[in-house]
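The chains referred to below are lettered A, B, ... by the order of the sequence lines, with proteins before strands, and numbering in each begins at 1.
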Amino acid sequence: MRGAKNLIAQTHKRKRNIKQKTAWKKQCSVSRNHIFASRKPEADILHELEKEKVGDDSAEGFSLKASAPSNSHGVQPLGNLYFSPSSHNSRNSGLGNLRSLTDELVLEILGLLGGTHLGVLSTVSKSLYVFCNHEPLWRNIVLETCKGGFLFYETWKSTYVSAIRPSFEILNSGLNVRDFYSDYLFQSWLCANLEMKPEWLERDNIVRAKGISVEEFVSRFEEPNKPVLLEGCLENWAALDKWDRNYLIELCGNVQFSVGPVEMKLEEYFRYSDLAKEERPLYLFDPRFARKVPNLGLDYEVPVYFSEDLFSVLGDERPDYRWIIIGPAGSGSSFHIDPNSTSAWNAVIKGSKKWILFPPDVVPPGVHPSPDGVEVACPVSIIEWFMNFYNETRSWKKKPIECVCKAGEVIFVPNGWWHLVINLEDSIAITQNFVSRRNLLNVLDFLKKPNACMIVSGTRDRVNLYEKFKKAIEASFPGIVDDLLSKAEDKKIQKKKLSFWESVTDSNAGAFKFSF
Amino acid sequence: MIVLNSSDGATFEVEESVAVQSQTIKHMIEDNCADTSIPLPNVNGVTLARVLEYIKKHAEAKDDEEGLKSFDAEFVKVDQASLFEIILAANYLDIKGLLDLTCQTVADQIKDLTVEEVRAIFNIMNDFTPEEEAKLRNDHAWAFE
């Protein structure tokens, strides 16, 4: 890929609001935020050009996936235009009057067209050929027209063509276009083909615990609302031994699972995840997996630390609470806070996940929640976040908690914590959200909020969830809410007392020290 | 009242309640950058006038769906260059309704054109070699059926 290793780009700060509900665990859709890597000094650029001549793959900058396809058609970043002897950008000559529009605007217009229109436009000029081959356009078309599943064929475009014209012979030999410079399209290709840099995986500062008692878990982690990585508590999970690709295909290869906006057969999903090279791979995230395939539900059990599950009082009316998660390297969830103020645990059965967590009061860099908490704007892809924001956190005092969670390990995500997850390889996991006595009051407060209809998630009955839950809780655990409220009051009073005494005694000199 | 300055020095006054249909202007007001006037170096006077026409109409006739529909249909009957200027302005000013309307207009224009017609209407150079063009037509035969 010509020029790929020369990461010359200008610092463009054009933020586009990408809407994502705080309560939504799944992927963001479409649009992008482009904040590019900063410009490299001339010397570095020349140095990289030299390296490229020799075919040096260890160029500083970023490493590309070994399988990086060449259907990038030769798109180069805009900065490379400075090195072209002719300064001709075929992007412009091939767009004609449309050249005055930005790349995103051209794509926005193309995004309103159907597959056959894009096919025709591909033959108009080299520029339109490149634009019309922008994979996200075809992905949207396929996802909109093939709601019940599709057979993936190397690219979204060929997937579409084979769906509408099954007998058409698709030749994936694309046209290589020279002299096409576009930051937007280059960045898109880059993000789809980057590997995770080793330095992004180095920091692992989470507390780990093995074989602790439930009481210890509650007092050390759940009460103070701190994350922890638990080892050795999945020993009796049949899933750990049984769940591999072959077993799952045999068991439920033909069952439809939720994958982003569509439902797909598990077999079809695996085919897609093996072939696709995307910035944001589709993620299989199904909240009804145990109902669809009861055997899956039998192959695991909730770790003992999380056995208190108060939403269960709602029976079938409870919000979505458990998901099977399957995805390839690069798939994951960008920064969000889990719905309904619940806490969560996430157990990796196969593969491994990189986690980054920020406490509730620290908004991650590059993330912009709206004041009412309904929407969160963040960079489109996880890789882009790592490229542009991860390093910022290195200089912060309040560093995020990070770790790599491997097969057999479970991470506890306390309620309200921001978190981002990326699969480092093909992964299978189970995650559940829960309410225990420790966060019951938070959850009730959250559900009570006036904008409940917008922020409550996982259920159709958003407005009434508060009433229903309160009633059901009182029925099963009479007096529990009042009990918790008075305990919380006591704590508040104690805290006040403590600070009063601390202000009147010379606590630094170690004189009086009361403990309650 | 909010005062807006176009790139070529023209000045426009508009009610704040109308102006905030532009998210860009709305944020500037919220961030206290709108005390005297708001400079809009990316939009010329003619285009800004048209954009204001749109947002004024959409503010006053908010509930008149039929009326707005016919207004919108007439609004986009402008020459290509002006339409693109409005698209760029709507994008810069972040006015979703106007951006959607104008992009859809262009899309509708393209939809059923032949390759030659597209080249003509947008003044696009055919930069393929005859071999390249033949190959592409072949690869995309499915779109021409």
Side-chain angles (χ1 to χ4, degrees), chain A residues 14-17 88 90-102 104-129 132-133 157-158 160-180 371, chain B residues 23-24 26-27 30 42 47 79-92 94 96 99-145:
Chain A
R14 258 178 308 173
K15 252 183 249 167
R16 241 176 169 244
N17 270 345
H88 170 81
S90 60
R91 175 217 185 257
N92 295 328
S93 48
L95 280 180
N97 301 340
L98 290 162
R99 70 160 73 78
S100 60
L101 300 178
T102 62
E104 305 100 292
L105 288 173
V106 172
L107 288 171
E108 186 135 352
I109 292 170
L110 294 178
L112 298 168
L113 300 172
T116 41
H117 304 137
L118 291 182
V120 169
L121 286 177
S122 301
T123 66
V124 168
S125 67
K126 288 184 176 175
S127 185
L128 276 175
Y129 169 76
C132 290
N133 274 280
K157 183 177 175 182
S158 39
Y160 171 80
V161 177
S162 60
I164 57 152
R165 293 272 188 282
S167 55
F168 189 84
E169 200 195 329
I170 300 160
L171 302 154
N172 263 325
S173 56
L175 199 69
N176 204 290
V177 175
R178 299 208 184 165
D179 306 330
F180 187 102
Chain B
Q23 292 297 310
T24 307
K26 179 167 184 266
H27 292 143
E30 285 168 358
N42 288 16
T47 310
D79 63 277
Q80 197 182 84
S82 304
L83 187 59
F84 290 172
E85 288 289 323
I86 298 173
I87 290 180
L88 286 165
N91 185 46
Y92 171 69
D94 197 355
K96 185 172 177 351
L99 186 59
D100 288 348
L101 171 68
T102 44
C103 285
Q104 187 65 56
T105 304
V106 180
D108 290 340
Q109 285 171 5
I110 298 178
K111 262 182 185 152
D112 294 302
L113 297 179
T114 64
V115 171
E116 288 310 326
E117 286 167 343
V118 173
R119 287 179 185 146
I121 189 181
F122 293 117
N123 221 358
I124 294 174
M125 203 177 79
N126 175 7
D127 49 3
F128 292 122
T129 64
E131 296 78 28
E132 287 171 337
E133 191 163 4
K135 175 184 174 355
L136 279 185
R137 277 298 300 250
N138 210 17
D139 288 350
H140 292 88
W142 54 268
F144 289 88
E145 284 160 18

Which bit of B/Asp108 is near chain A, if near means a heavy-atom gap under 4.5 Å: side chain, backbone, both or neither? neither
Quick one: what part of B/Ala141 sits under 4.5 Å from any heavy atom of chain A, side chain, backbone, both or neither? both
Heavy-atom pairs under 4.5 Å with chain A, option from B/Glu133, B/Gln80, B/His140, B/Arg137 with the top count: B/His140
Which answer fits A/Leu118, side chain, backbone, both or neither, if we ask what part of it has an atom under 4.5 Å from a heavy atom of chain B? neither
Chain B contact via A/Leu95 - which portion, at a heavy-atom distance below 4.5 Å: backbone
Hey, does the side chain of A/His117 reach the backbone of A/Leu113 with a donor-acceptor pair shorter than 3.5 angstrom? no
Under 4.5 Å to a heavy atom of chain A? For B/Ile110 that would be side chain
A/Leu128 side, atom CG; B/Phe122 side, atom CZ - distance, nearest 0.5 Å: 9.0 Å
Contacting moiety of A/Leu121, where chain B heavy atoms sit under 4.5 Å: side chain
Among B/Arg119, B/Glu85, B/Gln23, single out the residue with the greatest number of heavy-atom pairs under 4.5 Å to chain A. B/Arg119
Could you walk me through whether B/Phe84 and A/Leu101 satisfy the side-chain contact (heavy atoms from CB on, under 4.5 Å) test, starting with their C-alpha distance in whole Å, then the side-chain angles of each, then the deciding distance to 0.1 Å, before giving a yes or no? CA-CA 7 Å; B/Phe84 290 172; A/Leu101 300 178; 4.2 Å; yes
Side chain, backbone, both or neither of A/Val120 within contact of chain B (heavy atoms, under 4.5 Å): both
Polar side-chain atom of B/Asp127 near backbone of A/Lys126 as donor-acceptor pair, under 3.5 Å: yes
Taken to the nearest 0.5 Å, the spacing of B/Ile86 CD1 from B/Asn91 CG works out to 13.5 Å
How would you list, by chain and number, every residue that makes a side-chain hydrogen bond (donor to acceptor under 3.5 Å, both in side chains) with A/Ser100, sequence neighbours excluded? none
Is there a donor-acceptor contact under 3.5 Å from the side chain of B/Gln104 to the main chain of B/Leu101? no
With chain B, the option among A/Val124, A/Thr116, A/Ile109 that has the most non-hydrogen atom pairs under 4.5 Å is A/Val124
